[in-house]
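In what follows, a single structure is set out as structure tokens and then discussed.
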Amino acid sequence: MREVDVLVVGGGINGVGIANHLAALKLDVLLVEQADLASATSSASSKLIHGGLRYLEYGEFRLVREALNEREVLLGMAPHLIWPLTFVLPHMAHLRPAWMIRAGLFLYDHLGGRKRLPASRSIQFQRHAYGEPLMSSIHKGFTYADCWADDARLVVANAIQLRERGGEVRTRTKLIRAQRMSDGWVCTLKTTSETEQVKARALVNAGGPWVSQIVSEQLQLPSRDSIRMVKGSHIVVPRLHDGPQAYILQQSDQRIVFVLPYEHEFSLIGTTDEAYEGDPAQASCSDEEVSYLCNALAPYFKHPPDPRDVVWRYSGVRPLHDDDAGNPSAVSRDYVLRLDTSGAPVLSVFGGKLTTYRQLSMQAAEMLGEAMQIPVHAIRQAPENLPGGDINCEFESFLQQCAQRWPWLDAPVLQRMAHQYGSRLEQVLSGAHDVADLGEHWGAGLYSREVAYLVVHEWASHPDDVLWRRTKCGLHMGELARRRFTDAFTSHFMPLAV
């Protein structure tokens, strides 16, 4: 039976973040994920690293401050995966008075030690290009800065760093049961082909929407905590406006809806907030949610989308810590960590959000390290670049360097790959001297060489892992191209994973 220091269950952003920080403490860490990395909530987000402007209305000042601080830190750690984004907030006086918005933006500017991003400001739309897509009746608004992120690749980058620190990652591996012993947990793991047992001194339950189920079924423990499963859905439509800016639109139900520039050709619109019951893996965006999101733009945009314009829709279930709030939108996005030391330690993660994963991970590592009597002072050292993040210049300068290094690669493909891999692009393209060296072209700039890299180095073992999480090439391919790639994946690429 293999023995490890810590078994981490869950391959979302919190699971890989915690495992990564534990590996930095020189612990022997094994992370298991029942599907693919970031296959649930962590790839179904609004793709934002942000403080959460609307959380100020609910008095979540600590969470907003922490998130704003982390926004700056993560921007420095992964400049290829995270970059600044200007948000435009059109003012609707009947929803919130201008003084309230100004006060909120003032707090937003000053709560988190802003250094890199510009301050908020007022704007007159008739004198600015930001007003071009908006209804002529909307005269003024505000701008502020947050950041966009490739959520799924942020998870993968942490997993790569975990592996390079000596940890192990296993996807398509499910925890079936865990028996608590006096000196650890005996855990039964199941893959598609076999079952094995692993003994761990401690266990981390970062199961996301499945966290409560893992506590009660696999661990067979009582819990004083529960989660509220809240479904958030997004739609993707052809690009609604020119320019790199995003829009944040107030709604009459007190929610907000984002309109984000996405993958150059599209706009990403989200999100909804609906109470959800059932299997989180089966969550889907309903026609009613599509209509809600399209209608949310109607008071603002001259040419709002129609449900028939939707080219892709997705849903994720947020595992929010149940704080008895009546409205799903009002449930806190803060996290709660529960450490049970009544026997071998087990730490369970309730709630959390993409932006604060690093703080959550450090706190979890400290709690678990103390329970295991391991020095944890090193966990609060200065953050390291995530793999690919050491480009040592502004991203545009890095992109120019890439264009000089690989002048034969089409500019849109090169830009996509530079964002996805950062400085690790050298590994992906190593030995290639022209397009022919990249192998078969599957569509949308996806070549066999890149797919092979993802299978061998990034745990891709299913076509969707490549098309929708490691890349977004599936969005740019036609149905025939996606089907061709899917049909060929097992025979062409899976032998490389052996």
Legend entry - Nearest atoms (heavy-atom pairs only) where L203 meets A178: CD1-CB, 4.1 Å
Legend entry - Residues L496, Y453; criterion side-chain contact (heavy atoms from CB on, under 4.5 Å); working and verdict: CA-CA 9 Å; L496 300 173; Y453 178 87; over 6 Å; no
Inset, instruction - Return yes if some donor-acceptor pair links the side-chain N/O of D150 with the main-chain N/O of R153 below 3.5 Å, else return no. - result: yes
Legend entry - Donor-acceptor pair between R114 and S120 side chains, under 3.5 angstrom: no
Legend entry - Side chain to side chain, L89 and L53, heavy atoms closer than 4.5 Å: yes
Inset, instruction - Could you grab the distance from atom CD of Q404 to atom CG of L399, nearest 0.5 Å is fine? - result: 10.5 Å
Legend entry - Residue pair Y108 / D146, side-chain donor-acceptor N/O under 3.5 Å: yes
Inset, instruction - Look up atom CD in E33 and atom OG1 in T173, then write down how far apart they are to the nearest 0.5 Å. - result: 9.0 Å
Inset, instruction - Ignoring hydrogens and angles, state whether a donor on the side chain of R416 or Q420 is under 3.5 Å from an acceptor on the partner side chain. - result: yes
Inset, instruction - May I ask you to decide if C285's main-chain N or O and R313's side chain share a donor-acceptor pair within less than 3.5 Å? - result: yes
Inset, instruction - Side-chain contact test, heavy atoms from C-beta onward, threshold under 4.5 Å: evaluate it for R71 versus L75 and give yes or no. - result: no
Legend entry - A23 backbone acceptor or donor facing R165 side chain under 3.5 Å: no
Legend entry - Over 12 foreign heavy atoms within 6.0 Å of CD, E265: yes
Inset, instruction - Look up atom CG in L347 and atom CD1 in I18, then write down how far apart they are to the nearest 0.5 Å. - result: 6.0 Å
Legend entry - Within the 6.0 Å centroid threshold, strictly below: F301 and Y247: yes
Inset, instruction - Supply the atom-to-atom distance I248 CD1 to F142 CZ, rounded to the nearest 0.5 angstrom. - result: 12.5 Å
Inset, instruction - Keeping the roles fixed (side chain from D487, backbone from R484), state whether a donor-acceptor pair exists under 3.5 Å. - result: no
Legend entry - Side chain E168, main chain L30, donor-acceptor under 3.5 Å: no
Inset, instruction - Check for a donor-acceptor pair, side chain of R469 on one end and backbone N or O of A38 on the other, with a separation under 3.5 Å. - result: no
Inset, instruction - Go through the steps to decide whether W148 and H50 satisfy the test ring pair (Phe, Tyr, Trp, His ring centres under 6.0 Å), and finish with yes or no. - result: CA-CA 8 Å; W148 187 92; H50 65 140; over 10 Å; no
Inset, instruction - Would you check if the side chain of W408 reaches a backbone N or O of H433 as a donor-acceptor pair within less than 3.5 Å? - result: yes
Inset, instruction - Ignoring hydrogens and angles, tell me if any N or O in the side chain of S267 forms a donor-acceptor pair with the backbone of V237 under 3.5 Å. - result: no
Inset, instruction - Apply side-chain contact (heavy atoms from CB on, under 4.5 Å) to the pair Q401 and C393, showing each step before the final yes or no. - result: CA-CA 10 Å; Q401 295 172 17; C393 60; 3.8 Å; yes
Inset, instruction - List the atom of W210, the atom of A40, and the distance in Å for their closest heavy-atom pair. - result: CZ3-CB, 3.9 Å
Inset, instruction - Check whether the side chains of E450 and Y421 place a donor and an acceptor atom closer than 3.5 Å, and report yes or no. - result: yes
Inset, instruction - Only one of L117, L48, T355 passes side-chain contact (heavy atoms from CB on, under 4.5 Å) with C147; say which it is. - result: L117
Legend entry - Side-chain (R54) to main-chain (R255) donor-acceptor, under 3.5 angstrom: no
Inset, instruction - May I ask you to check whether E440 and S448 show a side-chain donor-acceptor distance below 3.5 Å? - result: no
Inset, instruction - Kindly compute the distance separating CG (L425) from CE (M417), expressed to the nearest 0.5 Å. - result: 5.5 Å
Legend entry - Donor-acceptor pair between H241 and E132 side chains, under 3.5 angstrom: no
Legend entry - T171 side chain to D36 side chain, donor-acceptor N/O pair below 3.5 angstrom: no
Inset, instruction - Evaluate the side-chain proximity of P244 to P261: yes if any heavy-atom separation is below 4.5 Å, no if none is. - result: no
Inset, instruction - Provide the closest heavy-atom pair for K231 versus S284 in the form atom of the first, atom of the second, distance. - result: NZ-O, 2.8 Å
Legend entry - Close side-chain approach of L162 to L22, heavy-atom, < 4.5 Å: no
Legend entry - Ring center gap for H441 and F485 short of 6.0 angstrom: no
Legend entry - Residues N14 and Y335: side-chain donor-acceptor under 3.5 angstrom: no
Inset, instruction - Establish, from distance only, whether the side-chain atoms of R172 and S461 form a donor-acceptor pair under 3.5 Å. - result: yes
Inset, instruction - Mark yes or no for whether T356, through its side chain, and Q359, through its backbone, hold a donor-acceptor pair below 3.5 Å. - result: no
Inset, instruction - Identify whether NZ of Lys or CZ of Arg in K47 sits under 6.0 Å from the centre of the six-membered ring of Y314 and within 45° of that ring's axis. - result: yes
Inset, instruction - Identify whether the distance between the nearest side-chain nitrogen and carboxylate oxygen of D334 and K353 falls below 4.0 Å. - result: no
Legend entry - Salt-bridge present (D28, R201; N to O < 4.0 Å): no
Inset, instruction - Check S42, S43, S46, S45 against D151 for a side chain to side chain donor-acceptor pair (under 3.5 Å) and give me the one that passes. - result: S45
Inset, instruction - Kindly determine whether L268 and W312 satisfy side-chain contact (heavy atoms from CB on, under 4.5 Å), including the steps that lead there. - result: CA-CA 9 Å; L268 174 64; W312 184 37; over 6 Å; no
Inset, instruction - I would like to know whether L368 and M372 meet side-chain contact (heavy atoms from CB on, under 4.5 Å); could you show each step before the answer? - result: CA-CA 6 Å; L368 204 58; M372 299 172 69; 4.0 Å; yes
Inset, instruction - Tell me yes or no: between the side chains of E274 and Y276, is some donor less than 3.5 Å from an acceptor? - result: no
Inset, instruction - Drop me the distance from D434's CG to L409's CG, to the nearest 0.5 angstrom. - result: 11.0 Å
Legend entry - Pairing of R358 and E70 as salt bridge, 4.0 angstrom limit: yes
Inset, instruction - Anything under 30° is parallel, anything over 60° is perpendicular, the rest tilted; go ahead and classify W83 against H419. - result: tilted
Inset, instruction - Decide whether D390 and S423 meet the rule of one side-chain donor and one side-chain acceptor closer than 3.5 Å. - result: yes
